[in-house]
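Quick notes on the structure that follows.
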Amino acid sequence: MFEKYVIVPGTLRNVVEDGRTTGFELGVRMPYYRGLGLSMVEDVAVTVDGVRAAPERTTFTVHGNSYPLTGLGEVVEDRWELGEVATVAVAHPGGLAPGMHDVEVSQRLRISYMPVPGGGRARAAVELSA
Amino acid sequence: MFEKYVIVPGTLRNVVEDGRTTGFELGVRMPYYRGLGLSMVEDVAVTVDGVRAAPERTTFTVHGNSYPLTGLGEVVEDRWELGEVATVAVAHPGGLAPGMHDVEVSQRLRISYMPVPGGGRARAAVELSA
Amino acid sequence: MSHRITRGVSLYSFQEEFFLRTMTVRDAVAVAAKIGALDIEIIPEQSIPGFPHVSDEWVRDWHDTMAEFGTRPLAYDFFLDTLRHPGRRLTHDEQVASVRRDVDLAVRLGTTKLRAIISTPAEVLRDAAPYAEEAGVQLLLEVHAPFHYAHPWVLRHLEVMDALDSPALGFMPDLGCFVERFPRVASERALREGARPEVVDLVVKTYDDHGDVHGLMDTVNYLGGGPVEVGLARQATHYTWRDPRMLLEQIHRTHHVQAKFYEMTDEGTEYSIPYDRIVDVLVEGGFSGCLSSEYEGNRHIQDAHPVDSVEQVTRHHAMLERLLARHEN
Amino acid sequence: MSHRITRGVSLYSFQEEFFLRTMTVRDAVAVAAKIGALDIEIIPEQSIPGFPHVSDEWVRDWHDTMAEFGTRPLAYDFFLDTLRHPGRRLTHDEQVASVRRDVDLAVRLGTTKLRAIISTPAEVLRDAAPYAEEAGVQLLLEVHAPFHYAHPWVLRHLEVMDALDSPALGFMPDLGCFVERFPRVASERALREGARPEVVDLVVKTYDDHGDVHGLMDTVNYLGGGPVEVGLARQATHYTWRDPRMLLEQIHRTHHVQAKFYEMTDEGTEYSIPYDRIVDVLVEGGFSGCLSSEYEGNRHIQDAHPVDSVEQVTRHHAMLERLLARHEN
Ligand SMILES: [Mn+2]
Ligand SMILES: [Mn+2]
């Protein structure tokens, strides 16, 4: 469900800090019909042009609150809301080249009433925004 | 089925070639009620004391015929028979220390009438034989 | 013979529009009022950002909206995140506390029928029932396909209900239990995703013939089925066809009905679910709660078609109104 | 009323001893002869090293053994490794060729009833049937639990059988279709592996009550079931209980029966399977083939008990002899 809305068009951009391009970020939604406490977001894996971002280099931000991706398991007081665009940022010196990129987002959600994780995979050709 | 017979007692030993200990080997059976063509043996992963042997350093031998573990997929003319003790050898300079070792053997068998692979996991405390 | 059934809508029906932010809760309530679906069912985890911390302002807006449109809060769908923490399940006491928390929120929202998600243990509802009863709300186990009243899990709930005999416990059946023919929105989606037509036909035909749908997984595997085909075979065991008279088995404990639907056709009927017979059974059984529309077709069509939940829900209520009218004098 | 049923044994029954090399094929045939199980069923992939390359010497020894003990080769169980090669399935023609290869080997071994593994496509048997017919053998689809004659996969086979009307096609039902109560060797194994007694009891009771066993997976998951408990719930959908009269539906196409058993008790009955009723049905239906013992209990007990397949098969044949005697004058 909602797979086609996971990768948000126009949100792939490089991250510039103090004049240096430190990585890139992407807007992502959760393919689920309700919001979910962050402690149940097991993984949001971003793969760009076949290279999967290391979890330890990935940051997850919702409504202004940023967390290391690997630390979401502890976060019981914050949520990723229905349809909310989260920003997933990957530390990657130099960022991405201009132009189109093959972006895949693989999510794993720990859904208590299901025997297997929810989430799924979304893939799109995305152009790097300015 | 047959899990308790997978790791064969008394078969864990170091391999010595030209006076040098190049690795170790173990006798292993397939947990299955019939023999299977080797091309359907997807993996025989040996983990000793928590360290999983790299597939490319693993050799598989049945009734005198040796194959690189990673090459079994091509072998349509040989089989691992019911209850046959195969020798799995791992290149590991210096081999294993004397004494007891925690040995785990994880097999993946491509069984055509099953939607998921067969095989399974076996684990035993095994003493290194002389 | 008249009836005492009301018409309502679950905001779940507008999930597509909520997800995409093209509708607000107020927009949805406005639609409901317009079509005479005056009882509102809310899924707070969909609609209330920051759940479970619900501000007084949000609650005020909610009640203002109800007053503005003449609708009534009725039902509240809760979840039970037993696996909230990595590596452990919530303890029994934590689960009961979670349900109590939902009771408190339900009271603030003015809702009295709480949907207990099917995975809620019977013992948790048993121990939360007194609190619910005192608060004047009911904890109603949503029995959706493939569950039913003789299902081993539901039998555990029935044991508790029989033993406790509390007015705070009961059922909320979901009409997806009565899928008479395979939803074509689902089979057509599988075709678009590359399933072989002959495999889709096999699944649909086996389902429609009320054949052994549990045999479809092996069958599709032996046919070399890919993930889409296997997924369709699995779906065939998640829908069920049962005689709508099944509702009479526990009609005395049935205090709300989730009126599931997948596709309202241009002709104004549900493609798969025989609503005419279901409404007749509910009237026969003296059901006096709400038929709360629950549109769940968006996920099957959103890949290829624009989703118009408003149109679907509107058609659904035209049908419900028509079917209920046959029982009015 | 007499009968024309013979007693036999499948060498599958001695898998434990073959695996451990404590018995040879000749040892097994000796046992069979001793207990009057004169018809022998072989699984070449178990018993013939180097399969499918079977030497003339092996074949000679086989026939010598038959002569030595007065037994008869009867059945040959084949497999169809559609996934022999990584990354592709065998083509239709390759599959037909594989069956033909088994026909040739079956002829060399003197066996005339070939067990077609359930996953064999109907079209493959359709196209292999003429070769089998010419060779004087039959390709018999093994219908084991949870399959049955109205299963969507089996319906495909029935279509082919109806269309082709070949004497070379038919069925080989496995009596594991008639498991009336949950095999205790399986539930006890689960307990030894750490399943909670209350969960095991739930699975066993639901099965024995002929309840909705497909509901056990969700139930056990909601009870926080671990892998052993989930595995037991899954097993409960792999055994089936059906009226043994089901055998009459296709009795005219039934040319061999795999007499599955899990545990012969000290009292001389099968713990789960009502052999008395089954034998009566087979006699009533005029079945004139072999009841071929297929012991499959070793896998459930081998973790904790020594396996004695000889004792189990001996008891099985004492029972079969007793039950058949009731139909002899
Ligand atoms: Mn529902
Ligand atoms: Mn069998």
Side-chain angles (χ1 to χ4, degrees), chain C residues 80 82-83 88-92 95 116-124 141 143-157 159 198-199 201-226 233-234 236-238 240 242, chain D residues 80 82-83 88-92 95 116-124 141 143-157 159 198-199 201-226 233-234 236-238 240 242:
Chain C
L80 189 61
T82 45
L83 303 182
R88 76 168 185 94
R89 294 176 84 79
L90 289 190
T91 65
H92 172 79
Q95 293 181 46
I117 193 166
I118 186 63
S119 53
T120 311
E123 301 73 32
V124 170
L141 186 73
V143 176
H144 61 72
F147 294 86
H148 53 93
Y149 296 125
H151 188 287
W153 183 247
V154 179
L155 290 176
R156 297 170 72 88
H157 282 270
E159 259 187 67
E198 55 271 28
V199 175
D201 285 349
L202 171 68
V203 171
V204 170
K205 184 174 197 306
T206 301
Y207 188 94
D208 291 358
D209 287 349
H210 309 319
D212 182 2
V213 291
H214 287 105
L216 286 169
M217 290 287 288
D218 279 333
T219 302
V220 169
N221 278 317
Y222 297 162
L223 290 172
R234 187 176 292 114
T237 67
H238 293 164
T240 57
R242 296 177 188 281
Chain D
L80 189 60
T82 45
L83 303 182
R88 77 169 184 93
R89 294 177 84 80
L90 289 190
T91 64
H92 172 79
Q95 293 180 46
I117 193 165
I118 186 63
S119 53
T120 310
E123 301 73 33
V124 169
L141 185 73
V143 176
H144 60 72
F147 295 86
H148 53 92
Y149 297 126
H151 187 287
W153 181 248
V154 179
L155 290 176
R156 296 170 72 89
H157 282 272
E159 259 187 67
E198 57 270 29
V199 175
D201 286 348
L202 170 69
V203 171
V204 170
K205 184 177 196 308
T206 302
Y207 188 93
D208 291 358
D209 288 349
H210 308 320
D212 182 1
V213 292
H214 287 104
L216 286 170
M217 290 287 289
D218 279 332
T219 301
V220 168
N221 277 318
Y222 297 162
L223 291 173
R234 187 175 293 113
T237 67
H238 292 165
T240 56
R242 296 178 188 284

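Reckoned from all heavy atoms, side chains included, excluding hydrogens, waters and symmetry mates.
Between the OG1 atom of C:Thr82 and the CZ atom of C:Arg89 there is a distance of 4.5 Å, given to the nearest 0.5 Å. Atoms CG and NE2, from D:Leu141 and D:His157 in turn, are 4.5 Å apart once rounded to the nearest 0.5 Å.
Summarising the geometry of C:Glu123 relative to C:His92, their closest heavy-atom pair is O-CE1, 3.4 Å, with the distance given to 0.1 Å. Across all non-hydrogen atoms, the minimal contact from C:Ile117 to C:Leu80 is CG2-N, 3.8 Å. Here the closest non-hydrogen pair linking D:Pro146 and D:Thr237 is CB-O, 3.7 Å. Of all the heavy atoms in D:Ala236 and D:Leu216, the pair that sits closest is CB-CD1, 3.7 Å.
In this structure a side-chain-to-backbone donor-acceptor pair under 3.5 Å is missing from D:Trp153 to D:Ala122.
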Requested in this report: Take C:Val154 and C:His148 through the test side-chain contact (heavy atoms from CB on, under 4.5 Å) and record every step on the way to the result.
Outcome: CA-CA 7 Å; C:Val154 179; C:His148 53 93; over 6 Å; no
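Within residues 202-211 of chain D, the residues that have a heavy atom under 4.5 Å from a heavy atom of chain C are D:Leu202, D:Thr206, listed by number. Using a 4.5 Å cut-off between non-hydrogen atoms, the part of residues 217-226 of chain C that approaches chain D consists of C:Asp218, C:Thr219, C:Asn221, C:Tyr222, C:Leu223, C:Gly224.
Using cut-offs of 30° and 60° on the angle between ring planes, the pair D:Phe147 and D:His151 is tilted.
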